[in-house]
There are 2 protein chains.
Amino acid sequence: MLKTHLKSSKEYQPGLSIDCVIFGFDDNQLKVLLIKTGYDNSWSLPGGFVSIDEDIDTAAVSILQARTGLKGIFLRQFATFGAVKRNQNHFSSDALAYFGIPLEEEKWYKSRFVTIGYYALVNFSKAIPQPDNPGEMVEWIDHHEVPKLILDHREILDKALETLRTELNLMPIGYNLLPEKFTIPELQKLYETILGRTLDRRNFLRKITAIGILTKLDEKKSNVAHKAPNLYSFDKDKYEEVLKNGLTQGW
Amino acid sequence: MLKTHLKSSKEYQPGLSIDCVIFGFDDNQLKVLLIKTGYDNSWSLPGGFVSIDEDIDTAAVSILQARTGLKGIFLRQFATFGAVKRNQNHFSSDALAYFGIPLEEEKWYKSRFVTIGYYALVNFSKAIPQPDNPGEMVEWIDHHEVPKLILDHREILDKALETLRTELNLMPIGYNLLPEKFTIPELQKLYETILGRTLDRRNFLRKITAIGILTKLDEKKSNVAHKAPNLYSFDKDKYEEVLKNGLTQGW
DNA sequence: ATGCTATGTGTTAATATGACGCAATGTACA
DNA sequence: TGTACATTGCGTCATATTAACACATAGCAT
């Protein structure tokens, strides 16, 4: 929510912020990148402000890149939150002093902010969480074990997950969350984790391969406890095509 | 985009506006409520600003009510638009003078606005379009015949329709767009119009009735050219229930 | 009466889905 | 070394859903 080298508030779009729900998949867990403030150890979503001369989408990309070091990531706006009370009483005068905010900027920080929510899907192993403010911690947290978050960030996170669940039915997802080579069981675990329920192995295989975005590699996963599963990769071209057209739907 | 009795810009959330895509269905056409400015006859979506002490959702409801006189309408936020250039050069000094904006407020009007898009589904026959500024025209326009719109309103409209199409697959729609009593062919036309393609009569009936939200009335439509079709109504309770749980999906 | 058009209902084949069975592969360990 | 166990790969079958189509009926126009 704050950046180390704050420009003057005049250089930012007033009353507007961006919060990102960054999802990663590791150890069969859906994880979310969260930030623990140095000031009071409170947890929040990574976010930031929008420069006056910056598109909101660009601002979201910048925040994401600053936090994960990644470019060209799957990033999608999903909702905007603007309840009057959403950031009421959030920045105490003490907190603003801690962050070195000059007095004349207090009013800016204490006014209502409308925040635009983006969610991102990133390759866990390639992302390098980067603290931005001193004393800050950036951590991947299992989405089942998210601590209390500031403001309405919990609501934002929930909405992001709900959106992701819906989009799972409308388009192929996984390309951005898995390493280049992966197994069908891994992909299934990802789906199961996002949906929060189990799926039948055999039916999953049939359905996921029918989409036509997977390439079966002539290679098996090594160092596994049981029968070595086959490795697959995404067919980038076909994946992009399905992303554009969407999966077949109802009507 | 403007209101007759403008409060001082200080009473509004800075740099933020709301634009509504209001859909209605009449004469087998999907129509959109548009506004023609008195100033230069340019067309735009109905919109407005957000008071500093007003939730964004509440602001959207207010705008909708002001334009259609309707309360309790289906209203849904679908996207937020914030390209830097989106309203660059929109309000000329002449225009601001026309609207009676004091000089000291010019900067406010000329800065970038981020706008939150909402779409609404309303009962065409019950809505009473209401002009807000003098010389303004409020009209229902067939969505196929929408004229050139100001700013990025065309993009906003397209995105709203795209969202509506997707949501058609996720939840029942029609309750808010049709009169209390309607026929299956009418409902089908609505779906066809939204989707932009024809559907098979018989399959449509089977599928739409299977949802369990329709009540077949013991009454036929009168004054029709051919065989009188049966009238139906929505079962409000079941409709709400399906709205909440969504239609059955893939995975 | 006859033709035209739109509605109401039913049929059938193809496809998709959900629920399982069983053999193959590799680890753990007696 | 070989037996138990967990996991993968592939297949089957009953059922549900979908798409495509046929036919009778109702009401207006002439």
Side-chain angles (χ1 to χ4, degrees), chain A residues 27-28 168-172 174 178-179 181-193 195-233 242 245-251, chain B residues 27-29 168-172 174 178-179 181-193 195-233 242 246-251:
Chain A
D27 192 22
N28 283 343
L168 210 56
N169 292 310
L170 305 179
M171 51 191 217
L178 293 174
K181 297 176 181 180
F182 56 90
T183 69
I184 297 290
E186 280 165 2
L187 184 56
Q188 183 180 338
K189 282 278 184 241
L190 171 60
Y191 271 69
E192 291 181 336
T193 308
L195 292 172
R197 62 191 174 88
T198 58
L199 301 170
D200 183 276
R201 273 187 319 122
R202 297 147 280 190
N203 295 335
F204 180 80
L205 174 67
R206 175 159 29 89
K207 216 169 158 178
I208 203 78
T209 51
I211 299 175
I213 52 173
L214 298 182
T215 306
K216 185 173 182 174
L217 302 176
D218 194 18
E219 193 177 349
K220 289 183 189 301
K221 181 136 184 156
S222 51
N223 291 328
V224 287
H226 301 284
K227 177 173 179 177
N230 227 297
L231 285 171
Y232 285 76
S233 68
V242 177
N245 301 330
L247 298 174
T248 53
Q249 298 175 14
W251 303 102
Chain B
D27 193 23
N28 282 343
Q29 293 177 333
L168 211 55
N169 293 310
L170 304 179
M171 51 192 215
L178 292 174
K181 297 177 180 179
F182 55 91
T183 69
I184 297 291
E186 279 165 1
L187 183 58
Q188 184 181 337
K189 281 281 183 239
L190 171 60
Y191 272 68
E192 289 181 338
T193 308
L195 292 171
R197 63 190 173 88
T198 58
L199 301 169
D200 183 276
R201 274 185 320 122
R202 297 144 287 189
N203 294 337
F204 179 80
L205 173 68
R206 180 164 23 84
K207 216 168 158 179
I208 203 78
T209 51
I211 299 174
I213 52 174
L214 297 181
T215 306
K216 186 173 182 174
L217 302 176
D218 193 17
E219 194 178 349
K220 289 182 190 300
K221 182 137 182 157
S222 52
N223 292 327
V224 286
H226 302 285
K227 176 172 180 176
N230 227 296
L231 284 171
Y232 285 76
S233 69
V242 177
L247 299 174
T248 53
Q249 298 175 16
W251 303 104

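Note that the coordinates shown come from a computational prediction; the quantities given were computed from them, not determined experimentally. Quick note: numbers below take in every heavy atom, side chains included, and nothing from hydrogens, waters or symmetry partners. Lettering of chains follows the sequences in order, A, B, ..., and the numbering in each one begins at 1.
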Notebook entry, point to check: Touch check for Lys221(A), heavy atoms < 4.0 angstrom, all strands: base, sugar-phosphate only, or nothing?
Noted result: nothing
Check: Starting at the 5' end of DNA chain D and moving along, which residue's nearest nucleotide shows up first, Asn230(A) or Arg206(A)?
Finding: Asn230(A)
Checklist line | Test salt bridge (Lys or Arg N to Asp or Glu O under 4.0 Å) applied to Lys220(B) - qualifying residues, sequence neighbours left out | finding: none
Check: Atom CD of Gln188(B) and atom C1' of dA6(C): how far apart are they, to the nearest Å?
Finding: 12 Å
Item checked: Nearest-Å distance for atom pair CZ/P, residues Arg201(B) and dT25(D) -> 15 Å
Item checked: CZ-CD1 distance between Arg206(B) and Ile208(B), expressed to the nearest 0.5 angstrom -> 12.5 Å
Checklist line | Nucleotide nearest Asn203(B) (side chain, heavy atoms from C-beta), chosen from dG8(C), dA19(D), dT17(C) | finding: dA19(D)
Item checked: Donor-acceptor under 3.5 Å (Glu192(B) side chain, Leu199(B) main chain) -> yes
Next item on the list: Please state how far atom CD in Glu219(A) lies from atom C1' in dT8(D), giving the value in whole angstrom units.
Entry: 17 Å
Notebook entry, point to check: Rounded to the nearest Å, what distance is computed from the NZ atom of residue Lys216(B) to the P atom of nucleotide dT7(C)?
Noted result: 14 Å
Margin query: What does the B/S/- profile of nucleotides 24-30 of chain C look like, 5' to 3', with a 4.0 Å heavy-atom cutoff to protein?
Written below: BBBS---
Notebook entry, point to check: Can you tell me how far P of dC21(D) sits from CG of Asp200(B), to the nearest Å?
Noted result: 9 Å
Checklist line | Where Ser233(B) and Leu217(B) come nearest, the two heavy atoms and their spacing | finding: OG-CD2, 3.8 Å
Note to self: With rounding to the nearest 0.5 angstrom, report the CG to CZ distance, Asn230(B) to Phe182(B).
What the structure shows: 11.0 Å
Check: Donor-acceptor pair, Gln188(B) side chain versus Phe204(B) backbone, under 3.5 Å?
Finding: no
Check: Can you tell me how far P of dT7(D) sits from CD1 of Ile184(A), to the nearest Å?
Finding: 17 Å
Item checked: Lys181(A) and Glu219(A) ion-paired at < 4.0 Å -> yes
Check: Atom CG of Leu247(B) and atom P of dA16(D): how far apart are they, to the nearest Å?
Finding: 20 Å
Checklist line | Nucleotide nearest Arg202(B) (side chain, heavy atoms from C-beta), chosen from dT7(C), dT12(D), dC21(D) | finding: dC21(D)
Note to self: Without decimals, in angstroms, what is the distance between Leu187(B) CG and dG8(C) C1'?
What the structure shows: 16 Å
